[in-house]
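Notes follow the structure.
Keep in mind that this is a model prediction, so the values were computed, not measured. Every number for a ligand or one of its atoms is a count from 1 in the order of the listing. Excluded from the calculations below are hydrogen atoms, water molecules and symmetry mates; all remaining heavy atoms, backbone and side chain alike, are included.
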Amino acid sequence: MSEHSVENGRVPRHLAIILDGNGRWAKRRGLPRLMGHRAGLRKLEEMVRLVKREGIRYFSVYAFSTENWNRPKMEVDGLMSLFRYYIRRKVEAIKAEGARIRFCGRKDKLPPDLLDQMRWAEERTANETVLDFILCINYGGRAEVMDAVNALVRARQAQGGDEQAGPVTEEELRRFFYLPDVPDPDLIIRTSGELRLSNFWLWEAAYSEFYFTDIHWPDFDEAALKAALADYAGRERRYGGLKP
Ligand code: FPP
């Protein structure tokens, strides 16, 4: 745990960020959108180090949603190339930070060579235990729930039908989520002014705290992170109960 986390006492165990505003950041500078994504990627590298220093144990980012395939092909291809570049060039540095890389989302539609790289990055960092760095790529909250439901039905059928199995419990369904061991996000930050979840961590966000900022993702810096964490530290979480 870092000094900061000790002194303020309440640090999210799982911080999730919806990386938004790369396009607007680029437009404001008269640059192509892909330059905004590149700047966003550089920011993400910096953020992994800062998040680790804060004593956060799980850090997830929404980098590409199941709906992002609807963007122009040039932008989708550009993002896939950025993901490739990032994995090829940065995995060793992430590993050196003690971070384990995990990917979260559907594996269909992603280019096969990228999938190979993703598997390699996960294997290469599998034994790191300081931080789980979770990249949500081709992720959708509804898709995750539906994939879990279908996997559960298949598992029950394989066990000879669900006559004796009884009703499905939350715990049973959760076991079929993409990353069942990862705790729900405590804090979800969304940059760039939009006030919505956009299909991120839909089930898992049931009791998450939200923090919205107008800052575009490439401009989100240490001060902005500290402001979000300080705001979180002051929140009272009751999970539907009453004040203790
Ligand atoms: C949202 O901004 C951002 C994305 C859809 C892509 C985020 C990807 C990165 C920051 C690169 C990350 C790389 C890895 C390896 C995870 P937007 O384009 O929707 O911005 P806009 O709303 O201003 O148009």
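Closest protein heavy atom to atom 10 (C) of ligand 1: Asn22 ND2, 3.3 Å. Nearest protein heavy-atom neighbour of atom 4 (C) of ligand 1: His37 CE1, 3.8 Å. Counting protein heavy atoms only, atom 22 (O) of ligand 1 is closest to Arg24 NH2, 2.9 Å. The single protein non-hydrogen atom nearest to atom 19 (O) of ligand 1 is Arg71 NH2, 2.8 Å, given as residue, atom name and distance. Scanning all protein heavy atoms for the shortest distance to atom 16 (C) of ligand 1 gives Leu135 CD2, 3.2 Å. The closest protein non-hydrogen atom to atom 15 (C) of ligand 1 is Tyr86 CD2, 3.2 Å. Protein heavy atom in closest approach to atom 3 (C) of ligand 1: Leu19 O, 3.1 Å. With hydrogens left out, the protein atom closest to atom 6 (C) of ligand 1 is Ala63 O, 3.3 Å, a heavy atom.
Counting heavy atoms from C-beta outward, Glu128 and Ile94 have side chains that stay 4.5 Å or more apart. His14 has its side chain out of reach of Arg57: every pair of non-hydrogen atoms, C-beta onward, lies at least 4.5 Å apart. In this structure, Ile56 and Leu229 have side chains that are in contact, with non-hydrogen atoms separated by less than 4.5 Å.
Taking every heavy atom of Gly23 and a limit of under 4.0 angstrom, the matching atoms of ligand 1 come to 17 (P), 18 (O), 20 (O), 21 (P), 23 (O), 24 (O). Within ligand 1, the atoms closer than 4.0 Å to a non-hydrogen atom of Arg33 are 17 (P), 18 (O), 24 (O), numbered from 1 in the order shown. The contact set between ligand 1 and Leu41, taken as ligand atoms under 4.0 Å from a residue heavy atom, comprises 10 (C), 12 (C), 13 (C), 14 (C), 15 (C). Using a 4.0 Å cut-off to heavy atoms of Phe83, the atoms of ligand 1 that qualify are 13 (C), 14 (C), 15 (C), 16 (C).
Taking the charged nitrogens against the carboxylate oxygens, Asp132 and Arg102 do have a contact shorter than 4.0 Å, which makes a salt bridge.
Looking at Arg190 and Ser198, their side chains do bring a donor and an acceptor atom within 3.5 Å of each other. Residues Asn138 and Trp69 have side chains that bring a donor and an acceptor to within less than 3.5 angstrom of each other. Side chains of His37 and Asn22: a donor-acceptor N/O pair is present below 3.5 angstrom, by distance only.
With a 4.0 Å heavy-atom cut-off, ligand 1 is reached by the side chain of Leu44 but not by its N, CA, C or O. Neither the backbone nor the side chain of Lys27 comes within 4.0 Å of ligand 1, counting heavy atoms alone. Contacts between Arg28 and ligand 1, counted as non-hydrogen atom pairs separated by less than 4.0 Å, are absent for every part of the residue.
Residues Tyr62 and Trp201 place their aromatic rings such that the two centres sit no closer than 6.0 Å.
By the neighbour-count criterion of 12 heavy atoms within 6.0 Å, atom NZ of Lys27 is sparsely surrounded, having that number or fewer from other residues, nucleotides or ligands. A 6.0 Å sphere centred on CG of Asn127 holds no more than 12 heavy atoms belonging to other residues, nucleotides or ligands.
Taken to the nearest 0.5 Å, the SG atom of Cys136 stands 10.5 Å off from the CZ atom of Phe103.
Backbone and side-chain nitrogen or oxygen atoms of Asp20 are examined, and one is located within less than 3.5 angstrom of a nitrogen or oxygen of ligand 1. Remark: ligand 1 and Gly21 share an N or O pair separated by less than 3.5 Å (distance only, no angle test).
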